[in-house]
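Comments concern the structure below.
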2 protein chains.
Amino acid sequence: MALIVQKFGGTSVGTVERIQEIADKVKTFREKGDDIVVVVSAMSGETNRLIELGSQMQQKPTPREMDVLLSTGEQVTIALLTMALNERGCPARSYTGSQVKIKTNNAFNKARIEDIEKEKMTNDLAAGRVVVVAGFQGADEEGNITTLGRGGSDTTAVALAAALKADECQIYTDVDGVYTTDPRVVDNARRLEKITFEEMLEMASLGSKVLQIRSVEFAGKYSVPLRVLHSFKEGPGTLITLEDEDSMEQPLISGIAFNRDEAKLTVKGVPDIPGVASRILGPISRANIEVDMIIQNVAEDKTTDFTFTVHRNDYQQAMEQLEETAKELGASECEGDNKIAKVSIVGVGMRSHAGVATTMFDALAKEGINIQIISTSEIKVSVVIAEKYLELAVRALHSAFELDQVPGGEG
Amino acid sequence: MALIVQKFGGTSVGTVERIQEIADKVKTFREKGDDIVVVVSAMSGETNRLIELGSQMQQKPTPREMDVLLSTGEQVTIALLTMALNERGCPARSYTGSQVKIKTNNAFNKARIEDIEKEKMTNDLAAGRVVVVAGFQGADEEGNITTLGRGGSDTTAVALAAALKADECQIYTDVDGVYTTDPRVVDNARRLEKITFEEMLEMASLGSKVLQIRSVEFAGKYSVPLRVLHSFKEGPGTLITLEDEDSMEQPLISGIAFNRDEAKLTVKGVPDIPGVASRILGPISRANIEVDMIIQNVAEDKTTDFTFTVHRNDYQQAMEQLEETAKELGASECEGDNKIAKVSIVGVGMRSHAGVATTMFDALAKEGINIQIISTSEIKVSVVIAEKYLELAVRALHSAFELDQVPGGEG
């Protein structure tokens with residue numbers, strides 16, 4: 001008998017009928033003998049409806065009140081799902097974030113979980129009840145309602161799994177697992193049976209929007225086995241877990257991530273003196289622009305070129321800021337390009353294998369794709385290329401690394 | 001500087017625009033220097049929408065879960081109103097029933113308030129904030145969300161006023177006060193400046209659905225001055241308060257209440273022995289049928305006739321039950337009429353004045369209206385008549401008691 005935390009997002013509980021399907025699904029698990037804690041989001045569309053109502057009341061809604069408003073979305077879902085479970089003869093009880101004592105700090109709209117009281121949940125589980133918890137919300141020390149920010153329901157599920165020492169945390173979504181790359185780009189993209197937390201983090205931050213980064217970090221930190229599954233299709237999904245050190249057959253790379261919403265900016269002829277990087281990026285981050293890659297090569301003639309990438313939407317603003325800074329620094333010129341894309345190969349296997357980067361660069365060269373920027377971490381290699389080559393690059397890499405084949409298998 | 005609790009019902013906060021109007025109104029009060037606690041209901045239609053959702057999930061929704069579901073209605077309103085107040089530069093803070101610690105028993109769907117913690121509210125008031133509280137809801141000792149049943153927001157307002165020792169509890173509605181009778185029936189029905197709790201109770205239970213009976217009882221018990229006002233029109237409304245013993249000019253009667261949803265049932269030739277009344281009414285109340293008037297006249301020939309009235313919708317079921325009981329008792333026959341109406345005159349003044357009933361009976365006789373049943377209490381006289389005479393009777397009584405005239409005034 002296992003203890004499983006299951007999380008169903010907004011589209012999985014988007015209608016009365018879907019909530020009933022989820023109730024059937026949960027009941028089936030329960031009847032297998034497992035203890036079940038279910039975490040649900042607001043019915044899809046509901047959060048946006050509430051935000052719209054709030055913005056009609058106040059130009060910049062008071063954060064505390066916004067959380068009072070938004071938290072009703074999940075509260076409706078927990079009540080409805082619990083009723084549907086009870087109707088099926090499956091005893092269940094619902095809890096809001098405040099009720100189950102998901103204690104957070106008081107950063108309204110983006111609170112962080114600090115502690116969870118297990119007592120009510122363990123009592124219910126011992127009494128044979130399914131526990132249904134509102135995702136995305138908690139309460140601070142003074143009892144003010146807080147929310148964890150968008151996608152926070154994943155985090156709630158992982159935090160509950162960690163607190164309860166659950167055997168598995170299952171995240172139900174509209175995809176049946178994590179793929180070697182986006183199946184819309186590569187026909188024979190393959191569902192991964194397993195992926196490590198680190199790889200998943202690199203995949204997620206690079207645009208594979210299956211899971212919230214925060215929840216993967218959280219799961220990794222507390223070693224909570226995480227599984228991504230489809231809400232309405234059968235299948236084992238993808239298990240996200242710690243690196244399996246015993247496994248001989250670690251695949252070289254696990255997947256190819258990409259992101260087409262990038263823009264790059266370069267300032268040339270910057271004096272090569274300490275403190276320059278922070279003088280360039282300080283104003284950018286103060287303008288709340290998130291910087292992705294940062295590249296500075298070795299200096300020539302006591303000046304250097306400094307390049308960074310931002311989200312395409314922030315390109316214009318970032319360029320204006322950069323031109324100002326360039327003047328102050330006496331740099332020679334600024335240039336940029338918002339028609340670029342980033343492609344990354346990700347895999348814990350590359351730690352112990354040389355030549356992975358070479359295979360990547362060869363495959364791109366063979367297709368005549370020019371690499372503009374290279375950046376590496378321990379388990380990934382990222383390149384920036386012209387956006388028009390994105391699909392071609394992803395397909396070339398998928399096949400160069402034989403990602404359509406099951407590693408070590410007969411497939 | 002007074003402390004005022006203001007309650008706005010579902011239609012008063014039914015749209016974004018109306019909530020904004022209410023915010024303007026509250027701000028005006030606040031700027032006069034009064035401390036304000038606002039109690040709000042769910043936006044009109046919302047509670048029904050939630051009930052409908054719940055009933056799609058479960059044939060007989062789990063009461064605990066129904067309260068989790070329904071309580072979101074008011075929670076949305078408190079957040080929106082608080083935002084609207086903040087937008088107007090009027091600092092405010094919202095609280096759900098659980099947050100402000102409206103402690104109730106655990107009778108889900110119809111909980112009773114046991115205690116209220118004042119601390120958060122008094123802190124906010126001292127800091128110059130308007131306190132916005134969700135009506136209709138609380139939490140039991142274990143933190144389970146409870147609701148007080150329909151109309152419970154009035155009760156919340158009165159309970160808060162009592163706990164905070166407020167100077168006045170203002171109930172905003174869609175009428176501008178309590179009238180001598182229904183203005184749709186009598187053109188010159190007059191708004192009362194003042195009415196006692198007792199009179200209001202008799203008026204309310206007889207069909208003047210301005211206030212929930214429970215909230216009036218509550219207000220009377222804790223001597224909370226209650227005022228009924230119109231949400232969107234100016235005017236002093238009607239003050240409901242303790243009997244003013246100093247007043248020389250107590251009006252004879254304050255108003256005329258009526259109810260057309262009545263049906264009467266009579267069982268004839270019942271043996272006049274102890275225990276008969278409970279044998280007749282026991283099965284009726286076990287069938288959850290509420291009995292209004294009960295009349296038994298003195299016996300003749302060791303048998304008696306026993307009459308009672310019920311809501312018209314319960315007539316058929318009550319009659320079937322009565323016929324069964326009649327057989328068991330060996331009574332001679334049953335008869336009934338569901339085309340009747342009840343008209344009552346209400347007034348604390350009749351305590352000290354004889355002849356009020358006579359004036360009533362005379363006025364009805366003059367119009368040729370036959371009185372079928374008479375029942376009296378200390379401050380009211382009720383008669384049952386054929387329904388077709390209802391309007392005629394009300395108008396005749398309104399003018400016989402000169403209710404269009406301000407008592408002791410020049411009007």
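All values reported here derive from a predicted model rather than from experimental measurement. Note on naming: letters A, B, ... go to the chains in the order of the sequence lines (proteins, then strands), and numbering restarts at 1 for each one.
When atom types are taken as modelled, the side chain of A:Q75 and the backbone of B:S71 share no donor-acceptor pair closer than 3.5 angstrom.
With rounding to the nearest 0.5 Å, the separation of CG in B:N144 from CZ in A:R93 is 6.5 Å. Here the CE atom belonging to A:M57 is positioned 4.0 Å from the CD1 atom belonging to B:I19, to the nearest 0.5 angstrom. With rounding to the nearest 0.5 Å, the separation of CD in B:E46 from OG1 in A:T72 is 8.0 Å. Note: B:Q58 CD to A:Q20 CD = 11.0 Å, rounded to the nearest 0.5 Å.
If you measure heavy-atom distances from B:Q99 to chain A, the contacts under 4.5 Å come from the side chain alone. Residue A:L70: no heavy atom, backbone or side chain, is found under 4.5 Å from chain B. Proximity to chain B is absent for every atom of A:T77, based on heavy atoms less than 4.5 angstrom apart. Neither the backbone nor the side chain of B:L85 comes within less than 4.5 Å of any heavy atom in chain A.
Contact tally against chain B (heavy-atom pairs below 4.5 Å) for A:M83, A:E142, A:K60: the top residue is A:M83. Annotation: maximal heavy-atom pairing with chain B below 4.5 Å, among A:V76, A:T62, A:L80, A:L53, occurs at A:L80. The residue among A:R88, A:M66, A:Q56, A:K120 with the most heavy atom pairs within less than 4.5 Å of chain B is A:Q56. Between chain A and the residues B:L81, B:V16, B:V132, the most heavy-atom pairs under 4.5 angstrom are made by B:V16. Interface summary for chain A: among B:A84, B:S94, B:A23, the most heavy-atom pairs under 4.5 angstrom belong to B:S94. Contacts with chain A were tallied for B:L50, B:I145, B:T96; B:I145 has the most, counting heavy-atom pairs under 4.5 Å.
Looking at heavy atoms from C-beta onward, B:T82 lies out of side-chain contact with A:V68 at the 4.5 angstrom threshold.
Around the NZ atom of B:K101, the shell of radius 6.0 Å holds no more than 12 heavy atoms that belong to other residues, nucleotides or ligands. For B:E114, the CD atom is densely surrounded, since the number of other residues' heavy atoms within 6.0 Å is greater than 12. In this structure, A:F232 places its CZ atom where more than 12 heavy-atom neighbours from other residues, nucleotides or ligands lie under 6.0 Å away. Other residues, nucleotides and ligands contribute only 12 or fewer heavy atoms inside 6.0 Å of the CD atom of B:E234.
In terms of heavy-atom proximity, A:I78 sits nearest to B:E65 at O-OE1, 4.4 Å.
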